[in-house]
Amino acid sequence: MSQSNDSFEIIFPDGNRKTYPKGTTGYDVAHSISPGLARNALSITLNDEVMDLSRPISEGGPIKINTWDTEDGKMTFWHSSAHILAEACQELFPGVRFGIGPAIEQGFYYDMDFGDRTVTVDDLPAIEEKMTEIARRKLEFERKEIPKKEAVGYFKEKNDPYKLDLLKDLEDGTITFYTQGNFTDLCRGPHIPRTDSIKAFKLLNVAGAYWRGDSDSKQLTRIYGISFPKKSMLDDFLVMMEEAKKRDHKKLGKELGLYMIDNMIGSGLPVWLPNGTILRRRLEAFLRDEQIKRGYQEVITPHIANLRLYETSGHYPYYADSQYDPIEVDDEKYMLKPMNCPHHHRIFSNKMRSYRELPIRLSEFGTVYRYEQSGELNGLSRVRGFTQDDAHIYCTHDQLKDEIKNCIDLTQYVFSIFDMPVDIRLSFRDDNEEKYGGNLEYWERAQKELREVADELGLDYTIAPGEASFYGPKIDFIIRDAIGRKWQLGTVQVDYVMPERFELTYVGTDNSKHRPVIIHRAPFGSMERFTSILIEHFAGDFPVWLSPVQVALLPISDQYHDLAEKYEEILSSKGIRVKSDKRSEQIGAKIRDSENAKIPYMIILGERERESGSVSVRRHKQGDIGTFAFDKYLNILETEIREYQLPGKQNYN
RNA sequence: GCUGGUGUAGCUCAGGGGUAGAGCAGCGGUUUUGUAAACCGCCGGUCGUAGGUUCGAAUCCUAUCACCAGCUCCA
């Protein structure tokens, strides 16, 4: 039975090897390690293919046993959950037709056509209940290979046009069905062994989604959900959702008076209120100082420009759909600036440039206007008018790599200040020629250079084909916020196309003209979007250097207003943003209001402070931190601001 | 842009065919206070906008605008 040609060798992640007889299943392999592992196993990954536990293994190779704690395990778990969602809907809404139902990063969804019936969030609890009931039936997921003809026949009889559409693209011999209970689905798999390992479901949302993502085809109803092997995990997840909701920048932005959206001013055109303006100006000043240190020169360019500029750059009509229509003036067409780069290119061309000047680094907090689809607009994070922390570096080819390194270093430094971990992605082109400008040779060169730089810096990175911009490949910085969400922010792009289009030249050592290379880069990307992320990252509890109001002076009664005024004057003269609360309120109320306004420091002033000349200091979210000689407190405060310290990192001893 | 949901006072929300309500905020007064809400009083809305149905519309219908969740898109 255990002859060598009837067996296969499995390589475990720790390098151990073990031989099993043919016909051994993933479950058996897991069980041979430990019964506990077998109990918790959801699927296996063998030779990079994720497979059902129950499937007999026919060839050996590296294996991973996927439990809930692995990415593949979760995917299997959620995919199976999607099938249960489908079965529940089939029971509750006979006649429903099914699109696709995959696992996603956080849970799963199923796209369904409910015919004339409209399914709304109000229906979700009933579906959830049905799903739980189905899970408890302890149904097994059964895999079956089906000839194409039979598969087509099945869905014809079931009258399911979407599955038939999917079948069109599948080859005979590769088609599998999965069945649990009364639900059979066209599905590649894999699935978990039995439905009852799913202990908790939560349906999160209902949304429309086009069949195959094509806005010309029918819109299906997409139900999003998530599921867990333990009820307590669902509870934790729901707490997390609440936390994200509490941090919503639209809510906090309003409460803290950071920005407003006014429909008379215009949808998607955010207005920075005084508090928000302080925050944004601090961010800009922080970056500007850093850029000056690194040899950038700041410029300012107008908000509208002649259409010819964008025709030259190629942005128009490439992005015509997402630009505001040109305005006609004096028989010329002008357009709201959709990007800053062409302006900077003209600055470069403004005079003859020598190799001695290069690299030239032009930076601008440049406001641009793009016509985003109305359904896309969202608070500060997706708007129609926004300011980029843009810069363009014009350099020789020899300087390119060093300049890219500088950009990466700047970006990493910037995000380290906010305690945001950065992941790096190289966004390259794919085979779709129409998406890109410039010749292939330049592209390949640029992609090679980016990769070399990343390697030389020893960066961990992933490569994303098809994510490049139309004029060149880029390095994208994906940051993680305080609650683990990922955001694509900064970018560094190499551009060989624009120098050609704008015929940019510099005079080299050989006294002849050469083309510079351009690097486009923006650490924050958009001040608006970055601010929205920052609000949620800090939950509105900004570091002192960014806080609109840094110190609240709280006199205990109006007998101490003079003391508040004295400190207000001193602190203001030191550049500290300070406010005195001289209302006729009790100290508890003043504290409460300052806490709610998320002011980092509160100074309580009363008789004791008048006599001793010290200050009694309270830190937002921490409470009373003690009494300090005023000079000592001022020193703590100024250090905290100068060093861009994060909240909660102070030691007041 | 598409689908669904929502739009009532500065904010958070209740009311759901008979002609607007609470808390907070604001204002006036009283209180002069020691680490997260003092007390009393007052002001405040043509119920997103425009049509329609009706004796009568915040409420029902239509259109439109905005916002929210997705989809699609993203230099």
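Letters go in sequence order (proteins before strands), and every chain restarts at 1.
Listed by residue number, A:Ser469, A:Tyr471 are the residues of residues 466-474 of chain A with a heavy-atom contact under 4.0 Å to RNA chain B.
In this structure, A:His303 and A:Tyr369 have tilted ring planes: the angle between them lies in the 30° to 60° band. Taking the six-membered ring where the residue is Trp, A:His392 and A:His344 present perpendicular rings, their angle passing 60° and hence far from 30°.
If you take atom P in B:C47 and the same atom in B:G51, they sit 13 Å apart, rounded to whole Å. Nucleotides B:U3 and B:A36 place their C1' atoms 44 Å apart, quoted to the nearest Å. For the P atoms, the distance from B:A57 to B:C42 is 31 Å, rounded to whole Å. The P atoms of B:A58 and B:G18 are separated by 10 Å, rounded to the nearest whole Å. Nucleotides B:A20 and B:U8, compared at atom C1', are 8 Å apart to the nearest Å. The separation of B:G45 from B:U32, taken at their P atoms, amounts to 35 Å, rounded to a whole angstrom. For B:G34 and B:U46, the P atoms lie 43 Å apart once the distance is rounded to whole Å. Separating the P atom of B:U62 from that of B:U6 is a span of 14 Å, rounded to the nearest Å.
Side-chain atoms of A:Leu258 and A:Thr531, non-hydrogen and from C-beta on, never get closer than 4.5 Å to each other.
Protein atom CG of A:Leu380 is 16 Å distant from nucleotide atom C1' of B:C68, rounded to whole Å. For the pair A:Asp111 CG and B:G4 P, the interatomic distance rounds to 15 Å; values are reported in whole Å. Look at NZ on A:Lys245: it is 13 Å from P on B:U12, rounded to the nearest Å. With rounding to whole Å, A:Lys250 atom NZ is found 14 Å from B:U6 atom C1'. The distance from atom CG of A:Asp248 to atom P of B:C11 is 16 Å, rounded to the nearest whole Å. Here the P atom of nucleotide B:C73 and the CG atom of A:Leu377 are 17 Å apart, to the nearest Å. Put simply, OH on A:Tyr436 is 10 Å from P on B:C74, counting in whole angstrom units. Residue A:Gln493 contributes atom CD, which lies 12 Å from atom C1' of B:C74 at whole-angstrom precision.
Applying the Watson-Crick and G-U wobble criteria (two distances, each under 3.5 Å), B:C60 pairs with B:G52. Judged by Watson-Crick or G-U wobble contacts below 3.5 Å, the nucleotide B:G4 has B:C68 as its partner. With a cut-off of 3.5 Å on both Watson-Crick or G-U wobble distances, the partner of B:C47 is given as none. In this structure B:A14 sits in no base pair that meets the Watson-Crick or G-U test at under 3.5 Å. With a cut-off of 3.5 Å on both Watson-Crick or G-U wobble distances, the partner of B:C74 is given as none. Within the shown strands, B:C40 is the pairing partner of B:G28 under the Watson-Crick or G-U definition, both distances less than 3.5 Å. Pairing for B:U19 is absent, with no Watson-Crick or G-U wobble pair whose two atom distances lie under 3.5 Å.
Although no hydrogens or angles enter the test, the distance criterion places a donor-acceptor pair under 3.5 Å between the side chain of A:Asp389 and the main chain of A:Gly525. A donor-acceptor contact shorter than 3.5 Å links the side chain of A:Gln447 to the backbone of A:Arg429. A:Ser313 places a side-chain N or O within donor-acceptor distance of the main-chain N or O of A:Tyr310, the cut-off being under 3.5 Å. Between the A:Arg515 side chain and the A:Leu504 main chain, a donor and an acceptor come within less than 3.5 Å of each other. Checking side-chain atoms of A:Asn439 against main-chain N and O of A:Tyr442 turns up a donor-acceptor pair under 3.5 Å.
With hydrogens and angles ignored, a donor-acceptor pair closer than 3.5 Å exists between the side chain of A:Arg382 and the base of B:C74. No hydrogens or angles were tested; on distance alone, a donor-acceptor pair under 3.5 Å links the side chain of A:Ser322 to the base of B:A75.
A close approach under 4.0 Å does not occur between any side-chain nitrogen or oxygen of A:Tyr210 and OP1 or OP2 of B:G1. A sub-4.0 Å separation between OP1 or OP2 of B:C67 and a side-chain N or O of A:Ser267 is present. Side-chain nitrogen and oxygen atoms of A:Asn378 include at least one within less than 4.0 Å of the OP1 or OP2 phosphate oxygen of B:C68.
Minimum atom distance to the side chain of A:Gln559 is reached by B:U33, of the listed B:C71, B:A75, B:U33. For A:Tyr319, whose side chain is taken as the heavy atoms from C-beta onward, the closest listed nucleotide among B:U12, B:C71, B:A75 is B:A75.
Closest-nucleotide positions on RNA chain B for A:Asn263 and A:His315 were compared, and the one nearer the 5' end corresponds to A:Asn263.
Annotation: cation-pi pair A:Arg361/A:Tyr394 absent, no NZ/CZ under 6.0 Å from the ring centroid and within 45° of its normal.
Base contact: A:Gln323 has a heavy atom under 4.0 Å from a base atom. Nucleic acid contact class of A:Gly257 (heavy atoms, under 4.0 Å, all strands): none. Among the atoms of the strands shown, none is found under 4.0 Å from any heavy atom of A:Lys590.
Salt bridge present: A:Glu640 and A:Arg619 bring a charged side-chain N and a carboxylate O closer than 4.0 Å.
Between the side chains of A:Asp325 and A:Tyr371, no donor-acceptor pair is found at a separation under 3.5 Å.
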Between the protein and nucleotides 34-39 of chain B, which nitrogen or oxygen pairs are less than 3.5 angstrom apart?
residue	atom	partner	partner atom	Å
B:G34	O6	A:Glu607	N	2.5
B:G34	O6	A:Arg608	N	2.8
B:G34	N1	A:Glu609	OE1	2.7
B:G34	N2	A:Arg608	NH2	3.4
B:G34	N2	A:Glu609	OE1	3.3
B:G34	N2	A:Glu609	OE2	2.6
B:G34	N3	A:Arg608	NH2	3.3
B:U35	O3'	A:Arg618	NH1	3.4
B:U35	O2'	A:Arg618	NH1	3.1
B:U35	O2	A:Arg618	NH1	3.3
B:U35	O4	A:Ser616	OG	2.0
B:A36	N7	A:Arg618	NH2	3.2
B:A36	N6	A:Glu595	OE1	3.3
B:A37	N9	A:Arg592	NE	3.4
B:A37	N7	A:Arg592	NE	3.3
B:A37	N7	A:Arg592	NH1	3.0
B:A37	N7	A:Arg592	NH2	3.3
B:A37	N6	A:Arg592	NH2	2.6
B:A37	N1	A:Arg592	NH2	3.2
B:A38	O4'	A:Gln586	NE2	3.2

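Looking at every heavy atom in both residues, A:Ser81 comes nearest to A:Phe108 through CB-CE2, 3.3 Å.
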